[in-house]
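Notes follow once the structure below has been shown.
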Amino acid sequence: MRDELLTVRCTSGSVQTDRSVGMGEGEKSAVSDGYERQLASAVAEIEDGATVGVGGYFQHRHPMAAVRELIRQNKRDLHLVAPLGGIECDLLIAAGAVRKLTFGFVSMDVYGQAPSFRKAVESGEIEVVEYGDLALMRALEAAERGLPWMPSRAWLGSDIEPFHPGEPVDMGNGEHLWRTPALRLDWAIVHAQAATPRGDCVLLGESYDTVMAKGAKHVLVTTERIVDSSEILEKWNGRTAARYFVDAVIEVPFGAHPTSCYPDYTQDALHLIEYIESASEGGIADYLSRYILEDEAAYQQAIDIGRRRDLQTRMQLARRVARQYR
Amino acid sequence: MSSVSTDHDIADLMTVVLGREIEDRDVIHCGAFTPLVLCSGMWAMAHHAPQAVMLPISLTAARVFHPFPLSYSLLEGMTLENGVHYPMVDIFTHVEGVDGCQYEPVNPLQVDRTGNVNLSVVGDFAKPKVRGPGAAGVDVLTLMLHDKLILYVPRHGPRVLVDQVDFVTGVGNDPARRRAAGAATGGISKVVTNLGILEPGDDGILELTQVHPNVQIDAIVESTGFDLRVSDRLSTTPGPTEEEMAVLHRIDPLAVRRFEFMTAAQRRAALPDLLSRELEYFHSSV
């Protein structure tokens, strides 16, 4: 797929969005007739049973548009890798897309415990591999570097050994280290603040995104805006997280909603409350049909314009206030 | 010295007690949804540790050098606008490497008499009775931090402070267990609860070293799921002073720290009001 890079700019008609904040105007030269179809064809490349790492963390900058598309396409038996999981992980589990979950932490934090994650694990419906955050980082770094394993000071003295890849190794000086085998992803999916058509990404407040992308066989990038490399050089001092080639770059404004995407919008607390209450009280089918099953344009239309403005206003206000405390 | 404040609650006391642990030039970590920890760190930076560095991992991957007031919806933006972007991979390399991290309070699912921490499961691992959120950094922090890995417990009770944890996610202070595991460094330094403070004795067993003001020792012993030893150096926790409270009100004017003491349902019910109050508060501050 890398020979025919798929880059899609959003056409403004299909999405209501206030583009006056953040890094400035994205280019609007449309190269397609809307991103929904392109997002669908990029996600169609992800096969049932694939090992998929999803970027972002907690309720921040998850590639939610792509997650919703995975659900729409009724993907099954995924091995989901969620280092610091939130709604993206809970939603994929709720929709029945996940057979095996590799994770460091899964929570809906202020909103409560992740309801579908808990239910699926406690009933034995999905297989789990619990990592610590450091061991998972090292496992992904080993894949990135093409190494069979990496050492880390993880898990020593715990009860994890029968349930976790790798094992402690005696260093001969009274100290042990954990041998962490490489974890190779079939796909990494990340949502970037900005990306060039080639897939160089601006990723601010970065968790595992780059490490996952570098070690994965395939990479799908969604982004708030596609920009030229010259803009990356001028505005961001050339600071990008990249690998040389990615499979697809698709511009999806508000593509992280209901999670946040600094510097454009905060997380949508009221939507996250609605989700967790649906998922905890047997209403997940209603949530899925109300927001997800139709298409991404319908999702974006379902999010009230006033709500969008509020999320943008809060982010702008946060940025203004913060400057007083530097 | 400023006199003890007569107007404070347990959220104020625990924030200040945690924050007093922070020294200047400490590296502070805040894990997932831990408003009390975040508040204690910002408070310490504003109060007595101006050169401390905070890594508010719960909000984003950044280093923060200057304290600012807490909120819920503005926090991530304020952190990234005010801090230095710092990818998680670098944070973890520092945790494991020489700079380490001096201060990270963790809220455990269970902690036992030797300080073993459980964030994983109650019951069978593959099909548990209760599935916890997961290790996050705890398996590593118990091996890394040399001075201040603190457990904090907003609701001290026998189901949290247990005789033996159902699952050891992070190893505690039992010297034999640590030696057998080749765990050369680390351990739990304190358990701060809403009733008092427990610290490991020489044998690694947690004992009661402080009671909070107006709390009876018997009540703490009864609320603990193991036979709690009372230290011969037992003292009463000094309450927050007027001066400490003044800084706390500046750092957390909307009392986000109190969310730590609510159930999830209570937090969801309280959030819409907080969201509108914080918009109002910060609009008037610019």
Side-chain angles (χ1 to χ4, degrees), chain A residues 58 60 103-107 109-113 117-118 121-124 130-135 137 141 152-160 163 168 170-171 174-176 204-208 210-211 260 262-263 266 269-270 273 276-277 314-315 317-326, chain B residues 32-33 58 60-62 66-68 72-78 80-82 85 87-89 92 95-96 120 125-131 133-140 142-144 167-171 177-178 180-184 259 264-265 267-268 271-272 275 279 282-283 285-286:
Chain A
F58 300 137
H60 308 297
F103 71 105
F105 193 80
V106 178
S107 168
D109 42 74
V110 70
Y111 311 102
Q113 294 165 322
F117 158 75
R118 268 198 70 174
V121 181
E122 289 168 9
S123 65
E130 178 173 353
Y131 273 78
D133 293 341
L134 178 74
M137 184 65 88
E141 284 184 276
S152 71
R153 258 186 219 98
W155 287 118
L156 306 174
S158 76
D159 287 336
I160 201 74
F163 312 107
D170 191 337
M171 302 304 288
E175 192 183 2
H176 297 183
L204 304 171
E206 195 197 338
S207 59
Y208 288 62
T210 303
V211 175
S260 63
Y262 169 89
T266 65
L270 300 178
I273 289 173
I276 197 171
E277 293 185 343
R314 284 173 193 274
M315 187 59 90
L317 181 60
R319 300 180 67 199
R320 278 216 314 280
V321 174
R323 287 180 202 131
Q324 298 174 4
Y325 294 93
R326 276 176 185 165
Chain B
F33 185 64
S58 51
T60 187
H66 307 291
F68 51 78
Y72 185 71
S73 62
L74 276 65
L75 265 177
E76 183 194 6
M78 286 178 75
L80 277 168
E81 202 65 26
N82 213 11
H85 302 281
M88 215 70 92
V89 63
F92 290 165
V95 169
E96 203 172 20
S120 301
F125 187 83
K127 197 176 169 183
K129 267 195 295 217
V130 177
R131 174 63 243 188
V138 155
D139 63 307
V140 172
T142 53
L143 305 170
M144 296 298 148
F167 187 92
V168 178
T169 309
V171 65
R177 186 171 180 124
R178 295 191 68 90
F259 271 62
R267 295 197 297 265
R268 294 197 295 268
L271 255 179
L275 291 177
L279 209 51
F282 286 103
H283 263 309
S285 81
V286 287

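Computed over heavy atoms, backbone and side chain alike; hydrogens, waters and symmetry mates excluded. Every chain is numbered from 1, with letters handed out A, B, ... down the list of sequences.
Put simply, of B:L80, B:T169, B:V140, the one with the most heavy-atom pairs under 4.5 Å next to chain A is B:L80. Between chain B and the residues A:T266, A:V321, A:V211, the most heavy-atom pairs under 4.5 angstrom are made by A:V321. Comparing B:L74, B:L75, B:T142 by heavy-atom pairs within less than 4.5 Å of chain A, the highest count is held by B:L74. Between chain A and the options B:A264, B:A184, B:P128, the largest number of non-hydrogen pairs under 4.5 Å is found for B:P128. Per-residue heavy-atom pair counts under 4.5 Å with chain B were compared for A:R118, A:E206, A:E130, and the maximum is reached by A:E130. When the candidates A:D133, A:I276, A:D170 are compared by the number of heavy-atom contacts under 4.5 Å with chain B, A:D133 comes out ahead. Comparing B:S285, B:P272, B:A135, B:A183 by heavy-atom pairs within less than 4.5 Å of chain A, the highest count is held by B:A135.
Contact of B:A180 with chain A is made through the backbone alone, with heavy-atom distances under 4.5 Å. The contact between A:F103 and chain B is made entirely by side chain atoms (from C-beta outward), counting heavy-atom distances below 4.5 Å. Both the backbone and the side chain of A:S207 come within contact range of chain B, judged by heavy atoms closer than 4.5 Å. Contact annotation for B:A136: both backbone and side-chain heavy atoms come within less than 4.5 Å of a heavy atom of chain A. At a 4.5 Å heavy-atom cutoff, the contact between B:V130 and chain A is made by backbone and side-chain atoms alike. Using a 4.5 Å cut-off between heavy atoms, B:S120 contacts chain A through both its backbone and its side chain. Proximity to chain B (any heavy atom under 4.5 Å) is shown, for A:E175, by both the backbone and the side chain. Using a 4.5 Å cut-off between heavy atoms, A:V110 contacts chain B through both its backbone and its side chain.
If you take CE on B:M78 and OH on A:Y262, they are separated by 12.0 Å, rounding to the nearest 0.5 Å. A:S123 OG to B:R131 CZ: the interatomic distance, rounded to the nearest 0.5 Å, is 13.0 Å.
Contact of the A:L270 side chain with the B:L275 side chain is registered, since non-hydrogen atoms from C-beta on lie closer than 4.5 Å. Taking the side chain as every heavy atom from C-beta outward, A:T210 and B:V89 never approach each other to under 4.5 Å. For the pair B:R267 and A:Y111, the minimum side-chain heavy-atom distance is 4.5 Å or more. Contact annotation: the side chain of A:L156 never approaches that of B:V171 to less than 4.5 Å [non-hydrogen atoms, C-beta and beyond]. For the pair B:M144 and A:R153, the minimum side-chain heavy-atom distance is below 4.5 Å.
Residues that satisfy the ring-ring contact (aromatic ring centres under 6.0 Å, His included) test with B:F68, not counting sequence neighbours, are absent from this structure. Every residue two or more places apart in sequence or in another chain that forms a ring-ring contact (aromatic ring centres under 6.0 Å, His included) with B:F125 is listed here: A:F163, B:F167.
A donor and an acceptor atom, one from each side chain of A:S152 and B:E96, are nowhere located under 3.5 Å apart. A donor-acceptor contact closer than 3.5 angstrom links the side chains of A:H60 and B:E76.
One N or O on the side chain of A:H176 and one on the backbone of B:A181 form a donor-acceptor pair closer than 3.5 Å. In this structure, the side chain of A:D159 engages the main chain of B:V168 through a donor-acceptor pair within 3.5 Å.
The residues B:R268 and A:D109 are annotated as not salt-bridged, no charged nitrogen and carboxylate oxygen being separated by less than 4.0 angstrom. Contact check on B:E81 versus A:R319 returns a salt bridge, with a Lys/Arg side-chain nitrogen under 4.0 Å from an Asp/Glu carboxylate oxygen.
Scanning all heavy atoms of the two residues, the minimum distance from B:S73 to A:R314 falls at OG-NH1, 2.9 Å. Scanning all heavy atoms of the two residues, the minimum distance from A:W155 to B:L143 falls at N-CD1, 4.0 Å. Minimum heavy-atom separation, B:P133 to A:S107: CB-CB, 4.5 Å.
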The test is side chain to side chain contact (heavy atoms under 4.5 Å, CB included); show your working for B:K127 and A:E122 and say whether it passes.
CA-CA 5 Å; B:K127 197 176 169 183; A:E122 289 168 9; over 6 Å; no
Point to revise | Stepwise side chain to side chain contact (heavy atoms under 4.5 Å, CB included) test for B:L279 and A:L317 | key: CA-CA 8 Å; B:L279 209 51; A:L317 181 60; 3.8 Å; yes
